[in-house]
Amino acid sequence: MHIAEGFLPPLHAVGWTVAAAPFVVHGARAVVKEVREHPENTLLLGAAGAFTFVLSAIKLPSVTGSSSHPTGTGAGAVLFRPPVMALLGTVVLLFQALLLAHGGLTTLGANAVAFAVVGPWAGYAAFRLTHGVGGGLLPGVFVALVVADLATYLTTSVQLALAFPDAGSGTAGALAKFLGVFAVTQIPLAIGEGLLGVLLFRVLTVN
Amino acid sequence: MTHRCLAAEGLAAGYERGRHVLDGASLTVPAGRRLALLGANGSGKTTLLRCLSGSLEPAAGAVLLDGARLQHTRRGLRAHRQEVQLVLQDPDDQLFSASVAQDVSFGPLNLGLGEDAVRERVAEALALLAVDGLAARPTHQLSYGERKRVAIAGAVAMRPCVLLLDEPTAGLDPSAVTEALAALARLQATGTTVVMSTHDVDLALRWADEIAVVVDRRVVQGRPAEVLGDDALLARARLDRPWALTVGARLRALGLLPAGALPRDAAELLASLPARPGVPT
Amino acid sequence: MTHRCLAAEGLAAGYERGRHVLDGASLTVPAGRRLALLGANGSGKTTLLRCLSGSLEPAAGAVLLDGARLQHTRRGLRAHRQEVQLVLQDPDDQLFSASVAQDVSFGPLNLGLGEDAVRERVAEALALLAVDGLAARPTHQLSYGERKRVAIAGAVAMRPCVLLLDEPTAGLDPSAVTEALAALARLQATGTTVVMSTHDVDLALRWADEIAVVVDRRVVQGRPAEVLGDDALLARARLDRPWALTVGARLRALGLLPAGALPRDAAELLASLPARPGVPT
Amino acid sequence: MTGLAVDDAAWASAWRRRSPGDKLLLCLGLVVCALVLPAWPGSVLVAAVAVALALGPARVPARTFGRAVRLPLAFVAVGALTAVVSVDGGLGWAPDAATSAGALVGHALAGGAAVLLLATTTPMADLLPALRRLRVPAAVVEVASVTYRLLFVLLESLSTIREAQAARMGHSTWRRSWRSTGLLAAAVLTRSWDRARRMQEGLAGRGLETGLRVLPEVLPSSRPFLACSALGLAGIVSASLAVA
């Protein structure tokens, strides 16, 4: 659920961009350091970005009747760690905005916070937590991807609610509205993405 | 597996730089015969094979199996895919499971067969392609030639009546080509009609009973000697004439080969030539 | 670019199933000549080319450029790569940039050349490969044959003395093969020594001045007619004899070709044969 | 795939040889106008100018542009409706619901059209080097460039593998389709690693150890273009302020 270009009021667009910046800069620093030490890893990082983009282009077998695509950033967080995902996720969002008309440039900051920062960190935390309490790899992956997806959706809803508070019940009411409306597509999608993650990691660990 | 007749009528399909790759292409795959589909790269061979297999829905025209038109519905495709299977050029696009046996079992499992039936199909397909020794190997450890044969086995395990192969010999060395052709001969013996696309005119002459050339968005079909001897057609198709036809024609003119002789490769040519000088034929 | 002599001495390299792919392989690339490196798939052609180019360090033996041994140090490799360039079989392994001109500029930039010099090199390389019309095109829109030629241009822009090509004609249709060979001829005219690996014996006979066959972990090198006429060697190498040699030998025995004639392809064979029956040669 | 359509349009656009910096200034200017100016007539003017420039001088196929503009519509419509519904004490419309919804849709469509004008005239291969001048680190631009190149390679693998799976009935039921999709995702991941590893070797001979620097084409900035852009943007601003 990318926020479309022009949908956020200017102040909000600027605010979210400022909020995303430290994370993206931190990710960029990590990437610059990695590439300085191992220039050939530029290709691996590029491949990781391309995989994240392509993963989000995979059509999940229909859950709700409409075609749905995974966010891809949860799997990326588990595979490549959240700091790198903050940068790779933002690059992928930029490509989605410019190649697929999915998202936008002024909403890039807001989308980056949801997809490239909150989603990956929440998913990764859930992954470590599941591990900590003795859950295996696959349950960890499932939880991580579901949580990453839900956290992304929650963040986007908060962003919309802050931008468009309800006339009577304010931001809280607006949040309930947006969560409710998008729940129809996002909750089955989150479970679907978790399932795909399990299938993906199962194949990888068998190999 | 009884032979069934696959045909295409007036296909328009594919899209590149504002026009169709194929436009008005018709083709009949004669049941039980070996058909070589010739064409330069980019001529539309793959597009035609994808239409015939049901992977690509043509913009116009129809694909017919025993006269019945292929419907691009879930049910129509399901029925078609049990009869017609396509093996793509790059084996890596078809091997997506960890081990050879698992990969070959993918299709039969999807047909809803029981475990024993699946095992039987897998064993049969691997044996036909002479890759039974590789069953337990991980796919990424195989050589290119082995991967190609395993990919074919995956399609063969579906027991199709018609097997379409896109450039099955591309990238193979001579001995691997010989092995691949032997495997196709075994398949044909089990009743499968084999269609192979290639741009190797020498191979097409040696192997095929029937030739179809993809040229100018259409298909020209006929007997090998006829089609491969048509220099104007070959030039339009950006193909060469097989050397055996060129050399054979001259040797016939010189009276060294009998009038009707059409040697298809070096061995046949040597067999038809006199062994010593001065012996008239 | 003056011709320089590249050689390998007693190489042991590569590792597969507990033994080296090459063991005791020696080869001399004669400066300015066309060398075809023949061998079945998996015989070690690519391993040998990778050693020669410096991208693989042999376990034993040495690679020599004008008699000087290649040192696998940063500096040694840097110097070697300015003289010797390898083009891999799959062009997608070398095209990392989305634009053709940008991709070709990668090597010259790394040589530390200024912008104008880089642009000149890019233009020259694209022109030599006859892909100058593609400079502004995106890599992902190119056909396979175009991508192959752009990958070669990327190496040519380094202005190597020796250009090593792994299966440059694999997967190309006849007209693309002709174009690729013409490009290689232009390169040679500029003073580059060209080495090409292939398993197409007919092509090797037609193209090469010198043949090296990778067989049993070693290399056998010699003149085309000699090496390609050695049936025992070819059988060990799992290769066929070129048809032109087989047919030529019989026609010489029949007195239809002059004793020394060694036609290398259909055109040369026709030219050497009498035009009408009864005319003795 | 629509993404490829936008990219194809960018490479074929009549504005392909214009400086990416010029186009970036014009399009960002339009986006800011779409966002800041009142929807009527600001958004309408921005959208009209973006569409006219794309279909006119830039010669972007109308079909491509139209399809891409429609993509975010579902989100925009649902989002705008939700924003103007009031849940305070039962469902109802917020005051000025129609106006606010219209404004939201207007801003979004105009902004979308402006971004699309950039996307359909400027390939990533031109845009990414231009980011260097905005002080984005070289390493980041290089990683993004490799991502751009590889995503086409991987998208092709993705569609071919899916097609091969479908041919062997891998998507004939819901259950099998899930299993196949898992295999598909794993296959694409292994291929992306494999690609990167093979490229490392393929590029070593040309000096990978110093990074992935390339020389972008010279696409000089045009003063008339910049002047027209500034005039046009000023026109939109003053017209909007005059009407509003």
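The shown structure was predicted, so the numbers you read here are calculated from the model rather than taken from an experiment. Chain naming here is simple, since letters A, B, ... match the order of the sequence lines and numbering starts at 1 in each.
- In terms of heavy-atom pairs under 4.5 angstrom with chain B, the leader among D:Ser157, D:Ala187, D:Gly170 is D:Gly170.
- Once rounded to the nearest 0.5 Å, the distance linking CD of D:Glu163 with CG of B:Leu56 reads 7.0 Å.
- Environment of CD in D:Glu217: crowded, with over 12 heavy atoms of neighbouring residues, nucleotides or ligands closer than 6.0 Å.
- Counting heavy atoms from C-beta outward, D:Thr160 and B:Asp90 have side chains that stay 4.5 Å or more apart.
- Counting heavy-atom pairs under 4.5 Å between each of D:Ala186, D:Ala12, D:Ser172 and chain B puts D:Ser172 at the top.
- Contacts of D:Gln165 with chain B are made by both backbone and side-chain atoms, with heavy-atom separations under 4.5 Å.
- Here the closest non-hydrogen pair linking B:Phe96 and D:Ile161 is CD2-CG2, 3.7 Å.
- Residues B:Asp93 and D:Ala164 share a closest heavy-atom pair of O-CB, 3.6 Å.
- Every residue meeting the side-chain contact (heavy atoms from CB on, under 4.5 Å) condition with D:Ala166, not counting sequence neighbours, appears here in chain and number order: B:Arg81, D:His171.
- Only the side chain of D:Arg191 comes within contact range of chain B, with heavy atoms under 4.5 Å apart.
- Within a 6.0 Å sphere centred on CD of B:Gln188, other residues, nucleotides and ligands contribute more than 12 heavy atoms.
- A 6.0 Å sphere centred on CZ of D:Arg59 holds no more than 12 heavy atoms belonging to other residues, nucleotides or ligands.
- Residues of residues 203-210 of chain D never come within less than 4.5 angstrom of chain B, heavy atom to heavy atom.
- If you measure heavy-atom distances from D:Arg179 to chain B, the contacts under 4.5 Å come from the side chain alone.
- Side chain of D:Arg168 to main chain of B:Gln94: a donor-acceptor pair is present (N/O by atom type, distance under 3.5 Å, no hydrogens or angles).
- In this structure, D:Met169 CE and B:Leu77 CG are separated by 9.0 Å, a value rounded to the nearest 0.5 Å.
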